[in-house]
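See structure below.
Proteins come first, then strands; the chains are lettered A, B, ... in the order of their sequence lines, and each starts at number 1. Note: hydrogens, waters and symmetry copies are ignored here, and every other heavy atom, side chains too, is used. Keep in mind that this is a model prediction, so the values were computed, not measured.
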There are 2 protein chains.
Amino acid sequence: MEAPPSGSAFLLAQVGAHAAMRFTERIGALDLTPPQVGLLRLVASRPGQSQQALAKQLGTPATRLVPLVDGLEKRGLIERRRNAEDRRLYALELSEDGRALMGQVARAAASHDRTITAVLTEDERATLHALLTKIADDQGLTPGDARGRLS
Amino acid sequence: MEAPPSGSAFLLAQVGAHAAMRFTERIGALDLTPPQVGLLRLVASRPGQSQQALAKQLGTPATRLVPLVDGLEKRGLIERRRNAEDRRLYALELSEDGRALMGQVARAAASHDRTITAVLTEDERATLHALLTKIADDQGLTPGDARGRLS
DNA sequence: TATTGTTATACTCTATAACTATA
DNA sequence: TATAGTTATAGAGTATAACAATA
């Protein structure tokens, strides 16, 4: 019975929720929500996919993508291009403005990361990252996984 | 530029959301939701408080407590006792059944903790706990904090 | 007049089902 | 008939405002 006073899993959930909340605030300054950033990241990493394909990767019903893409398209961040071979499908891509905004998101994420781990030394930061990666692998979480809330 | 490929803060949010989701599943087997467990934990640790006092500690509007307490009271887990000195106030306490159920919740939490950190050695587990505690302190998170979702 | 608890209402987010157009 | 995208609808969760009882 040498268990820590407060469970690690509980701490993990608490600190993780805090990190997510702070990141939500940061991208809010760019007028973006976590679901929007999640979609933009996916389109940026693999352009030209259909909405159905994106919905599967996000683990969300396809109907949710419609208003999500609508909003980003109206702001000129994303483009719906028709697929010439199968005219039912769209091919989603980032616009020039979209790519520029994703650059800002990346800078916000890097700054966010430094803020959250500010109290750790460089070695501790590397150790934390290694331990979290170990758990993520063990629990079957993939790097870009957007399921379960957050960007 | 020796930053890790995927930011620690992002990993933290991802693994934390996963841990929270898995815990939600576990308490779901006891027919409980995270807000319910959060309230029960608070009443268990400090019995006799008013709904307003509890609402403040949970960081939620007092109106939310009404249906929350209603459900737990109907199931015989919690009791609304009138305060004789000031009859506007309730004094919330756990029933015998409520205490028994909290025992089950505690066992579920311990088991959950072992599952999430199963891939780590005993030393690694202690290290992770220490690093997370360090971040939590630095970010102003209190041990029992129930803000930002989860139990 | 101020405070506790309650009710009523509205708003946000998300999921389900029905529709269209293409294949 | 099957599939991509859309629209309409409904449900859960949460917050705001108005109300009754007590101080």
Which protein N or O atoms sit under 3.5 Å from an N or O of nucleotides 15-21 of chain D?
from   : atom 1 : to    : atom 2 : distance (Å)
D:dT16 : O4     : B:T63 : OG1    : 3.3

Among pairs that include at least one residue of residues 65-76 of chain B, which meet side chain to side chain donor-acceptor pair (under 3.5 Å), considering only residues two or more places apart or in two chains? B:D70-B:R80, B:E73-B:R80
Side-chain contact check for B:L89: nearest option of C:dG5, D:dA23, D:dG5 is C:dG5
Scan for ring-ring contact (aromatic ring centres under 6.0 Å, His included) pairs involving residues 26-45 of chain B, sequence neighbours excluded, and state none if there are none. none
Which side-chain N or O atoms in residues 93-103 of chain A pair as donor and acceptor under 3.5 Å with protein atoms at least two apart or in another chain?
from  : atom 1 : to    : atom 2 : distance (Å)
A:E93 : OE1    : A:R81 : NH1    : 2.8
A:S95 : OG     : A:G76 : O      : 2.5
A:S95 : OG     : A:L77 : O      : 3.3
A:S95 : OG     : A:D97 : N      : 3.3
A:S95 : OG     : A:G98 : N      : 3.0
A:E96 : OE1    : A:R99 : NH2    : 3.1
A:R99 : NH1    : A:L94 : O      : 3.3

Return the value, rounded to whole Å, for the distance between atom CD of B:Q52 and atom C1' of D:dA23. 14 Å
Is there a side-chain polar atom (N or O) of A:Y90 under 4.0 Å from OP1 or OP2 of D:dT6? yes
Assuming nearest nucleotide by heavy-atom distance, tell me which of A:R87 and B:S50 is located more 5' along DNA chain C. B:S50
Applying side-chain hydrogen bond (donor to acceptor under 3.5 Å, both in side chains), name anything that partners B:Q104, two or more places apart in sequence or on another chain. none
For B:R114, does its backbone N or O pair with a side-chain atom of B:R125 as donor and acceptor, under 3.5 Å? no
Can you list, in residue-number order, the parts of residues 65-86 of chain A that come under 4.0 Å of DNA chain C, counting heavy atoms only? A:D86
Residues passing the side-chain hydrogen bond (donor to acceptor under 3.5 Å, both in side chains) test with A:D138, sequence neighbours excluded, are none
A:S111: side-chain hydrogen bond (donor to acceptor under 3.5 Å, both in side chains) partners, not counting sequence neighbours: A:R26
Sorted by chain and number, sequence neighbours left out, side-chain hydrogen bond (donor to acceptor under 3.5 Å, both in side chains) with A:R22 holds for none
